[in-house]
Amino acid sequence: TIKITIYRLAKKARLVEYLCAAAENGKEVTVLIELRARFDEQNNIEWSERLEEAGCRVLYGFEGYKVHSKICLITYRSKSEPNNKNEIRYITQIGTGNYNEKTAKMYTDYSLMTANQEIGTDAAEFFKNMSIGNLHGAYRHLIVSPVSLKARVLATMDEEIEKGSAGRIIMKMNSVTDVDFIRKVEEASCAGVKVDLIVRGICCILPQVPGHTENVRVTSIVGRYLEHSRIYLFGADEEDAKVYIASADFMTRNTTKRVEVAAPIWDKAIKERIMAMFHLMLKDNVKARELGSDGNYSRVTDSDVKLNSQEYFFAMSYQQAENTEK
């Protein structure tokens, strides 16, 4: 079986053709599609009709809540297990960006594909809940709004607050407007926790305000690509740090009025890679702008060595692709 949530589709979407081909080939395909994706409503309506015609089961979301999550679950019977147990197995993909071929060329996003069965079990439970309209399901590892995402993130921030000056919080997202989150950031700063927020767009928190946010730094990176990834990192120790990738910004609409999914990163190598990329973004002094306590943004001029994080990652990806081809 294949189950997937779709928020925003391009006018030409090979993904839909693949899903239709799977359904026509006898696979059970379930698609939860959000018809109210701004700017792409017509595309989504037309593609949903194509999916239904091909035999896919199409769900259309919920009144009062947008389904903004980016999650895909593949379920199969494994015939290669020891003793030929023919067990049910899961492959789960969770991302920060839409399944949209147009935006994929212009946005920066992260995607996790995992064969971890605990994550897969949570994903299966998620789709089961979505199919019966249950927005308040319980999950062991995935963090899902509107029920648990904000509460879990704030609780994890409390863990860093308890560490005082040894605590560390780094988060990246499009926008910040959620009042509860803003107050928790202020609380963390007052406790001595060093907080870095990489926020491309709207940010309703002023850093460097004495007595409130003097341990908070806010930067915005605007470059060749649109920064779209949402990443939450808690802890200064690489071994014990908690890292999540998510579909959610910390805006009230995301935390209370949308179905969002955040996934933990457990693989040591992937976690180290994300942390290294975070630290590079924090060193960007070409496309980054730092928010001041007066609400104005200014260029980052803390080093004579110029670093454009987007261009660095582009070159790194290009080199990796070349090495793979060889």
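What's counted below: heavy atoms across the whole structure, side chains too, no hydrogens, waters or symmetry copies. Keep in mind it's a predicted model, so treat the numbers as computed, not measured.
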Asker: Mind checking whether Leu206 and Ile202 sit in one hydrophobic cluster, side chains of I, L, V, M, F, W, Y counted as touching below 4.5 Å?
Answerer: no
Asker: I'd like to know if the side chain of His68 and the backbone of Ser247 have a donor-acceptor N/O pair within less than 3.5 Å.
Answerer: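 Such a contact is found between His68 side chain and Ser247 backbone.
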Asker: Look at the side chain of Asp249 and the backbone N and O of Asn174, then say whether any donor-acceptor pair between them is shorter than 3.5 Å.
Answerer: yes
Asker: What residue pairs, at least two apart or across chains, pass ring-ring contact (aromatic ring centres under 6.0 Å, His included) with a residue in residues 280-317?
Answerer: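 ring-ring contact (aromatic ring centres under 6.0 Å, His included) check on residues 280-317 returns no pairs.
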Asker: Does the pair Ile33 and Leu9 meet the rule for a side chain to side chain contact (heavy atoms under 4.5 Å, CB included), with working shown?
Answerer: CA-CA 9 Å; Ile33 189 165; Leu9 285 170; 4.0 Å; yes
Asker: Begin from the C-alpha positions of Glu239 and Lys268 and carry the test side chain to side chain contact (heavy atoms under 4.5 Å, CB included) through to its verdict.
Answerer: CA-CA 8 Å; Glu239 290 292 326; Lys268 182 180 178 182; 3.7 Å; yes
Asker: Would you call Arg217-Glu290 a salt bridge at under 4.0 Å N-O?
Answerer: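 Result for this pair is yes, salt bridge flagged.
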Asker: Just by distance, do the side chain of Glu227 and the backbone of Arg200 share a donor-acceptor pair under 3.5 Å?
Answerer: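 Not a single qualifying donor-acceptor pair exists.
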Asker: Would you say the side-chain atoms of Ser69 pair up with the backbone N or O of Ile71, donor to acceptor, closer than 3.5 Å?
Answerer: no
Asker: Backbone N or O of Val58 within a donor-acceptor pair of the Ser48 side chain at under 3.5 Å?
Answerer: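 Looks like no, no N/O pair under 3.5 Å.
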Asker: Grouping I, L, V, M, F, W and Y whenever their side-chain heavy atoms are under 4.5 Å apart, do Val147 and Phe250 come out in a common cluster?
Answerer: no
Asker: Taking all heavy atoms of Arg89 and all of Ser78, pick out the closest pair and write down the distance.
Answerer: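 Between these two residues, the closest heavy atoms are CG-CB, 3.4 Å.
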Asker: If the condition is ring pair (Phe, Tyr, Trp, His ring centres under 6.0 Å), which residues does Tyr107 pass it with, not counting sequence neighbours?
Answerer: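 With sequence neighbours excluded, Tyr107 shows a ring pair (Phe, Tyr, Trp, His ring centres under 6.0 Å) to His228, given in chain and number order.
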Asker: Pairs under 3.5 angstrom only: tabulate donor-acceptor contacts from the side chains of residues 178-192 to other protein residues two or more places apart or in another chain.
Answerer:
residue, atom, partner, partner atom, Å
Asp178, OD1, Asp180, N, 3.1
Asp178, OD1, Phe181, N, 3.0
Asp178, OD2, Lys150, NZ, 3.1
Asp178, OD2, Thr255, OG1, 3.0
Asp180, OD2, Lys150, NZ, 2.8
Lys184, NZ, Asp158, OD1, 2.8
Lys184, NZ, Glu187, OE1, 3.3
Glu186, OE2, His212, ND1, 2.5
Ser189, OG, His212, O, 3.4
Ser189, OG, Glu214, N, 3.3
Ser189, OG, Asn215, N, 3.0

Asker: List for me each residue that meets side chain to side chain contact (heavy atoms under 4.5 Å, CB included) alongside Phe234, sequence neighbours excluded, and say none if there are none.
Answerer: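 Counting only residues at least two positions away or on another chain, Phe234 forms a side chain to side chain contact (heavy atoms under 4.5 Å, CB included) with Val153, Thr156, Met157, Glu160, Ile169, Met171, Tyr232, Lys242, Tyr244.
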Asker: Between Asn308 (side chain only) and Lys287 (backbone N and O only), is there a donor and an acceptor less than 3.5 Å apart?
Answerer: no
Asker: Side chain to side chain contact (heavy atoms under 4.5 Å, CB included) for Arg77 and Ile88? Distances and angles first, verdict last.
Answerer: CA-CA 5 Å; Arg77 288 192 182 277; Ile88 294 291; 3.7 Å; yes
Asker: Where is the tightest heavy-atom contact between Ile4 and Cys72, given as atom of each residue plus distance?
Answerer: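 In this case the closest contact between Ile4 and Cys72 is CG1-CB, 4.0 Å.
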Asker: Output side-chain donor-acceptor pairs under 3.5 Å for residues 118-130, partner residues at least two apart or in another chain, one line each.
Answerer:
residue, atom, partner, partner atom, Å
Glu118, OE1, His141, NE2, 2.5
Thr121, OG1, Gln117, O, 2.7
Asp122, OD1, Arg140, N, 3.2
Asp122, OD2, Arg140, N, 3.1
Asp122, OD2, His141, N, 2.6
Asp122, OD2, Leu142, N, 2.9
Asn129, OD1, Asn134, ND2, 3.1
Asn129, ND2, Glu125, O, 3.2
Asn129, ND2, Tyr139, OH, 2.9

Asker: Can you name the residues that form a side chain to side chain contact (heavy atoms under 4.5 Å, CB included) with Met106, not counting sequence neighbours?
Answerer: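 Per chain and number, Met106 pairs via side chain to side chain contact (heavy atoms under 4.5 Å, CB included) with Lys102.
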Asker: If only atom types and distance count, is the side chain of Gln310 paired as donor or acceptor with the main-chain N or O of Tyr225 below 3.5 Å?
Answerer: yes
Asker: As an exercise, state the distance from CE of Met251 to SG of Cys204, rounded to the nearest 0.5 Å.
Answerer: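 Nearest 0.5 Å value for the CE-SG distance: 8.0 Å.
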Asker: Should the heavy atoms of other residues, nucleotides or ligands under 6.0 Å from OH of Tyr18 be counted, would the total exceed 12?
Answerer: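 Atom OH in Tyr18 is not crowded, with 12 or fewer foreign heavy atoms closer than 6.0 Å.
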Asker: Between Asp196 and Arg168, is there a side-chain N and carboxylate O pair less than 4.0 Å apart?
Answerer: yes
Asker: Using a strict cut-off of less than 4.0 Å between a Lys/Arg side-chain nitrogen and an Asp/Glu carboxylate oxygen, indicate whether Arg8 and Glu34 qualify as a salt bridge.
Answerer: no
